[in-house]
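Because only heavy atoms are used, hydrogens play no part in the values below, and waters and symmetry mates are left out as well, while side chains stay in. Starting from 1, each residue takes its place in the sequence as its number.
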Amino acid sequence: MRVSNNLSLVLFAAGVTAQSVEPETGKLGDATIVSNNPVGVVYKAVLPAEAWFKPAYPDGGNIEGEVTAVAAESGEGVVYTYKLSNLPKEGGPFPYHLHVAPVPADGNCTVTLAHLDPFIRGENTSCNPFAPQTCQVGDLSGKFGEIRPEEDGTWETTYTDLYSSTLEGLGSFFGNRSIVFHYPNKTRISCANFEKVEGGVSSSVTVLPTVTGNGSYTILPTGGVSTTTGGGPSTTSDAGAGTETTTSPPLSGASGLRGSAVGALVVGAVVMFML
């Protein structure tokens, strides 16, 4: 098993230097280290039996295995552990990312939208792994390296990403989102949703609706989704051909709690008035 404790040495050996890619700060600044992740909460994403991109497995099958994510013991960052097998024999190395939306029931990886990017960094400029705070939060392979399978098609690794969150309400929270595995040309091979398996009741997965028209969304650092209509800038996914423009409701977080509280007060006032 590969453990990425000294990323600089690994990247240096691969010929990647700090000057390879100029860091690019997001419109809302650099990503912030998450230091208050709830300890003991575990999320897991298990790959389905069949790949979304069928040509990758013409005889059937898929990447096999799972991704486990748990807060570091200190609460600072999230420890990701990958145990994968049956990876495609050709076409690598394989990028992978956290994506904004969950995978729907039909397994369509193209509707998971774009990479998780609460600081609106974009992906036109490649991630500089020596400055991970300047990368998209969801660009895990950009920060820690793409998948380069062993000869037997397996790949295992463990690392800690300081900018991921298991705390619901933050834009960097991934517990109700998905992970997507790609070919280098961005074709989506397979995907899976994260689900809570330890530390409380399983978090609900809300499928963000896709609409047509002049709408766009922005995942905010607070966990909400800001929508823009009427010709504003659009956000697109890297799903391949075509452009996908969406409008989405806020994800679970403080705003939803405030809405529930206001609703309860209104109902209470109506009951008091009737009495």
Side-chain angles (χ1 to χ4, degrees), residues 2-35 37 67 69 71-72 74 76-82 84 87 91-100 112-149 155-166 170-174 177-189 191 218-222 233 235-240:
R2 301 171 183 169
V3 180
S4 302
N5 286 331
N6 195 331
L7 181 61
S8 296
L9 290 177
V10 172
L11 293 172
F12 180 80
V16 179
T17 64
Q19 289 76 34
S20 297
V21 180
E22 188 70 24
E24 180 173 332
T25 298
K27 293 181 180 179
L28 300 182
D30 288 342
T32 54
I33 293 175
V34 181
S35 58
N37 284 314
V67 181
S74 63
E76 187 170 282
V78 171
V79 180
Y80 289 90
T81 300
Y82 300 78
L84 304 178
L87 284 148
F94 307 102
Y96 60 96
H97 316 94
L98 302 175
H99 279 241
V100 168
T112 58
L113 305 182
H115 304 163
L116 180 60
D117 188 20
F119 295 89
I120 319 179
R121 188 255 190 207
E123 58 183 276
N124 290 332
T125 302
S126 299
C127 164
N128 184 332
F130 289 92
Q133 71 279 6
T134 67
C135 301
Q136 292 177 308
V137 170
D139 189 2
L140 297 177
S141 62
K143 289 182 276 188
F144 298 97
E146 299 171 329
I147 296 174
R148 299 177 184 272
W155 187 74
E156 296 185 6
T157 193
T158 297
Y159 57 72
T160 300
D161 180 50
L162 298 176
Y163 309 97
S164 293
S165 174
T166 56
L170 295 182
S172 51
F173 174 69
F174 61 88
R177 309 188 196 275
S178 58
I179 187 167
V180 180
F181 297 87
H182 304 254
Y183 279 115
N185 67 358
K186 298 186 179 182
T187 297
R188 303 181 183 197
I189 304 171
C191 53
T218 299
I219 302 298
L220 304 176
T222 54
T235 302
T236 59
S237 71
D238 60 1

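Among all heavy-atom pairs drawn from D117 and G122, the shortest one is OD2-N, 2.8 Å. Residue D161 comes nearest to S164 through the heavy atom pair OD2-OG, 2.5 Å, listed as atom of the first residue, atom of the second, then distance. Between S172 and L116, the shortest heavy-atom contact is O-CD2, 4.0 Å. Taking every heavy atom of both residues into account, L113 and H99 meet most closely at O-ND1, 2.7 Å. When all heavy atoms of E146 and P93 are compared, the closest pair comes out as OE1-CG, 3.1 Å. Here the closest heavy-atom approach between residue P129 and residue G142 is recorded as CB-O, 3.7 Å.
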Next on the checklist: Evaluate Y163 against I33 for side chain to side chain contact (heavy atoms under 4.5 Å, CB included), listing each step before the verdict.
Outcome noted: CA-CA 5 Å; Y163 309 97; I33 293 175; 3.6 Å; yes
Next on the checklist: side chain to side chain contact (heavy atoms under 4.5 Å, CB included), that's the test. Do D139 and R121 meet it? Break it down for me.
Outcome noted: CA-CA 11 Å; D139 189 2; R121 188 255 190 207; 6.0 Å; no
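Proximity of a side-chain donor or acceptor of K143 to a complementary backbone N or O of V137 within less than 3.5 Å is detected. Formation of a donor-acceptor pair under 3.5 Å by the R177 side chain with backbone atoms of F173 is found in this model. Using modelled atom types, one side-chain atom of N37 and one backbone atom of G77 make a donor-acceptor pair closer than 3.5 Å. With R148 contributing its side chain and G92 its backbone, the two residues share no donor-acceptor pair below 3.5 Å.
Between N124 and E24 the shortest side-chain heavy-atom distance does not fall below 4.5 Å. In this structure, Y96 and V180 have side chains that are not in contact, with every pair of non-hydrogen atoms separated by 4.5 Å or more.
Expressed to the nearest 0.5 Å, how far CD1 of I147 lies from CZ of F181 amounts to 5.0 Å. For the atom pair CZ of F144 and OG1 of T158, the computed distance is 11.5 Å after rounding to the nearest 0.5 Å. Rounding to the nearest 0.5 Å places NE2 of H97 at 7.0 Å from CD of E123.
Using a 3.5 Å distance cut-off with no hydrogens or angles, the side chains of D30 and T25 do pair a donor with an acceptor.
Aromatic ring pairs are classed by plane angle as parallel below 30°, tilted from 30° to 60° and perpendicular above 60°; the pair Y159 and Y82 is tilted.
Ring centroids of F174 and Y80 are separated by less than 6.0 Å, placing the two rings close together.
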